[in-house]
Amino acid sequence: MPKGKIDFIKIRMSAAALSGVLVLLGSLLAGCGGPPWNDPNPQYDDNLLTYQSVMSPLPPKHLDPATSYASDESLFIDQIYEPPMGYHFLKRPYELIPLSIAAFPELVFLDEQGNEVAEDDEALAFSRYTLHVRPNERYQPHPAFALDAAGKPRYLFATADEGSRYQQIPDFPETGSRPVRANDFVYAIKRLANPAIGSPMLGFMSHYIVGMTEFSEQLGTLPRTDWLNLDDYPMAGLAVLDERTFTITIKGRYPQFLYWLAMHFFSPIAPEVDRFYHNPGFAQRNLTLDWWPVGSGPFMMVKNDPNSEIVLERNPNFREEFYPSEGEPGDREAGLLDDAGKRIPFIDRAVFRLEKEVLPLWTKFLQGYYDRSGEVHGNTNGVYDQAFVVGPDGVEMSTELEDHNISMSPDVKPAIYYYGFNMRDPVIGGYTEDRRKLRQALQIAFNTEEYLNIFYKGNGIASHTPIPPGIPGFLEGEAGINPYVYDWVDGEPKRKSLDYARQLLAEAGYPGGRDARTGEPLKIFIDVQSQAISNTMMNWMDRVFGEIGVQVEYRPADWNRTREKLLTGNTQVFSHGWLADYPDPENFLFLLYGPESPLDCKCDGANNSNYASDVYDDAFRKIRVLAPGPERDKLVALAVEEYRKDAVWLFAYYPKDIYLNNSWVYNNKRHGVSKATLMYTGIDAEERELKQKAWNQPVTWPLYAGALVVIGLLAPGIIAYRRRQKATARKAGDL
Amino acid sequence: MFAYIIRRLLYAIPILIGVNLLTFTLFFVVNSPDDMARSQLGEKYVTPAAIANWKQKNGYDKPLFLNDGSSGLGALTDTIFFAKSLKLFAFDFGRSESGRDITTDVSTRMWPSLAVALPSFAVGICVNICVALMVVMFRATALDRWAVFVFVSLMSISYLFYIIGGQYLVAKQWMLVPISGFDPDFQPWKFLILPVLVSVVSGIGSGARWYRTLFLEEAGQDYVRTARAKGASEISILFRHILPNALIPILTGIVVLIPSLFMGSLLIESFFGIPGLGSYMLDAIRSQDFAIVRSMVFIGSILYILGLILTDISYTWADPRVRLS
């Protein structure tokens, strides 16, 4: 047999042997038990019921309830801390309930001398809230509460070296706990006033809480070398009456203060925790209250690696709390009351992994490794394209999702996105009839419904008023439409015709979109944030405004530059948005309150349109101090009518969040205001495990194919090499 | 050599000052301290007092470069630039704008970066060199021409395509490995397979083509002909003669990269969820965290300078004729 053929046979035999080994290895791997190969979640051996979710696209920056003011941070803070008030999980419209306090605060009104007066008394100068802490409210186990034999804090160090072996909170072997006291709430409010902490609430709350400004100024003058015990410095508006009772005194009347008490800023902070985190050297190891929260809520943080994951576990000291037995109509049919009366939380652990890109997030969700597609607004925008398709009947869920029996939890947040007019702009601003008609023509031309369908797959609701659904003052049906832009036809709002818009434009002095005096075409300038607009959107807007002969020029810029333009009034049309702090019309109507204009207040005011209407402002001032009732409703309607008549915003919509849940996740109702809903979430772990295995059987043929390709590439080379080595004559130029 | 290294280290000081000055200027051209304060404080209820308080608390309440309010040297030293830069040279990176200790974060995050970068780097070089040597062995044949075509094709494909394609096929369709993530305590290798594979495959085109050029130049040298005339096998010629003689240009390209491996990869880390320094930098840019950006650029500059010095030193090892003086 020729030598070359023997080599070839040897190589084929080697290849066959290698393939055999690979097949055997592959079969063994595929056949062995255990989790799927692509399972990214660690296997815990403690049998705790674990909820797997995601934080995206950036990790939280602050977890200190005094400094955090972002919804992605609330996702964690609201599970760990319990402010005095909270929201009912199921009821809509949103309903306040006492959380860490035993009952609703008792409210009395006082005059300048501190005498009690009636609510409508002109002498009213202050409102005093008295709050009683729940008797069974206890902090999570934490080393800050650990005591030595003498009853002194176990972990107080004089030098950085003494505590240097503790890198993370779980490194501390001893922990302790104690009941929540009234003074802890007072201490927390004092922290808001501490300039060294830099709470975003300081400026706003100083207008209300008595003595906050003076307290803050006093702290600002103190030397800052060590921990400052705020208990040593009284604040006029705060008082501790006994172990479980405290009062907050605010200036004037401000019914919305109850909503503020439902925000994490007012969660209790134990002074010894603050003291603990001021140990020397702790800050250098990121052992701070900003990274290791300590609360009395249903969960506690056991791992904080903001680079990859945050892990919460059930707080063993959480009070006895039960799943609600009442909801809104439809909740029972949706199975949301099946767990009524059961003790919560249902899960033992929650893992939130950092995902920065949509493809991995979405893939892991579909593979069953994430229980939900996301937790906070913004995250879901990235999955719209993956989750929905446009079918003959409109926007539908993709077949991939239907095959996985995935459920959808839509949620219209108490939020609004809008493009506003600058009412001081010389071309489109002002309050004369022609300017109103000009703005109304532009409003009609901008087909918000089409915009939402094209760019957001219908996940938004065109706005007729600044007040979103679910908030008092929002009206359904014909009574709720903006009659300047819509007609009520066949039981639904219908946008007025483009011919009518053209007529308005002509009456405004721009027939056919040209200035009647100069003949110049009307061009509007839209300032947008670069990342918030695409070429497709701009082309679409060019088209809709082109229908009435108006030209558009876009001025995209980053957020800082856009903000600068708003602060200086150097804009004509701008984009903005607002996510409410609490579900009250006042929190939306203040977006158009005259004194909130940045040009007038010389601050980052909320009235970026620089809208100024005496009627509106007068109504708003009354709305702010009135308790809910018919009188207040009338004033809200009056303010909304002014807004519509003056055509202050080009268009607005209420964003819908779409949350997707795998079939083994229960109690998926979303709460637009509160993030403290993790304790209601239920998981069927058995179903999850079965589905994960069924959906993630590895496809092994590419491994064999890859091996064959490598062999196929190497074999000819080896053959040629051997031939060449054994050849007796060469052509010139070869190696 | 010692004197040479000291001299090069001293040269590094003005370079680092220049890099720091440039970073500082570029950052503050687009961001003012007020912008930074607003970015950190959020968009609601931001008052001028809150902005002033944030700037004071974080040391941004001074002029950027020149303090007209101070006299003498104080006009230069009582500035944001001086206060923030001086500490860098003492390797005190301070705290990020969100309050975390940067030194701690960097020392924690460099290990995941290395876990991906080191095998990608080592396997990549081995594969590229082997492939290039094989192609050189068959130079001027159809195999060589096809190989060059494949190399150019691989080079022409976007890096993002390799990442997304790799994730889509290997992790999503075939379900062989996790699509992203990293857990040092839980089978870290299975999270590294895909990013390393993507890094190696995406680098074969440019790497092997470059090495092929170097090796081809050496293959035409007299000493190769002599070795062959003496009866040395092709394998021996390639690995014992051509490869060592082509080391100088290879070292120029790769030694400089070794210290930078600590810095990680922006794209790989972001797409594969690796909590390394590459994603740290990217997050800092996104959130306008100047303290981190400045520190990372500074560390990157130092590592690059270190890489250049190591490259020079490696020449003396690769070629005994080279003397550093």
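Everything numeric in this text was worked out from a predicted model, so none of it was measured. So you know, we letter chains A, B, ... as the sequences are listed, proteins then strands, and number each from 1.
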Open item on the list: Which residues pass the disulfide bond (SG atoms under 2.5 Å apart) test with B:C126, not counting sequence neighbours?
Closed with: none
Open item on the list: With heavy-atom distances below 4.5 Å as the criterion, would you say the side chains of B:L282 and A:K356 are in contact?
Closed with: no
Task: A:Y369: partners by side chain to side chain donor-acceptor pair (under 3.5 Å), with sequence neighbours left out - done: A:N38, A:N696
Open item on the list: Between A:W701 and chain B, with a heavy-atom cut-off of 4.5 Å, which part of the residue counts as in contact: side chain, backbone, both or neither?
Closed with: side chain
Open item on the list: Within the 3.5 Å criterion, strictly below it, is a donor on A:E357 or B:S270 matched to an acceptor on the partner's side chain?
Closed with: yes
Task: Contacting moiety of B:L143, where chain A heavy atoms sit under 4.5 Å - done: neither
Task: Sub-4.5 Å side-chain heavy-atom contact between A:L361 and B:S180 - done: no
Open item on the list: Is the shortest side-chain heavy-atom distance between B:Q167 and A:T363 below 4.5 Å?
Closed with: no
Open item on the list: Test your reading of the model: is there a side-chain donor-acceptor pair from A:Q367 to the backbone of B:A171, 3.5 Å cut-off?
Closed with: yes
Task: Interface moiety of B:D35 toward chain A, non-hydrogen atoms closer than 4.5 Å - done: both
Open item on the list: Would you say that B:D105 contacts A:N286 through its side chain, given a criterion of any heavy-atom pair below 4.5 Å between the two side chains?
Closed with: yes
Task: Sub-4.5 Å side-chain heavy-atom contact between B:Q173 and A:V699 - done: no
Open item on the list: Looking only at heavy atoms and a cut-off of under 4.5 Å, which of B:I274, B:T104, B:N53 has the most pairs with chain A?
Closed with: B:N53
Open item on the list: So which atom in B:P178 and which in A:W37 form the shortest heavy-atom distance, rounded to 0.1 Å?
Closed with: CD-O, 3.8 Å
Task: Per-residue contact mode, A:L202 against chain B (heavy atom under 4.5 angstrom) - done: neither
Open item on the list: So B:T108 and A:D305, do their side chains get closer than 4.5 Å, heavy atoms only?
Closed with: no
Task: B:I51 portion near chain A, given a 4.5 angstrom heavy-atom threshold - done: side chain
Task: Residue part contacting chain B, namely of A:D581, when any heavy atom lies under 4.5 Å - done: both
Open item on the list: Is there a salt bridge (charged side-chain N to carboxylate O under 4.0 Å, His left out) between B:D101 and A:R285? Walk through the geometry before answering.
Closed with: CA-CA 7 Å; B:D101 187 76; A:R285 298 194 293 282; over 6 Å; no
Open item on the list: Are B:F191 and A:P40 packed together at the side-chain level, in the sense that at least one heavy-atom pair is separated by less than 4.5 angstrom?
Closed with: yes
Open item on the list: Tell me if a side-chain donor or acceptor on B:R95 pairs with a main-chain N or O of A:A283 at a distance below 3.5 Å.
Closed with: yes
- [ ] Go through the atoms of A:T67 and report whether side chain, backbone, both or neither lie under 4.5 Å from a heavy atom of chain B.
- [x] neither
TODO: Could you look at A:I197 and say if it's the side chain, the backbone, both or neither that has a heavy atom under 4.5 Å from chain B?
DONE: backbone
TODO: Quick one: which of B:R286, B:R100, B:Q56, B:R225 has the most heavy-atom pairs under 4.5 Å with chain A, could you say?
DONE: B:R100
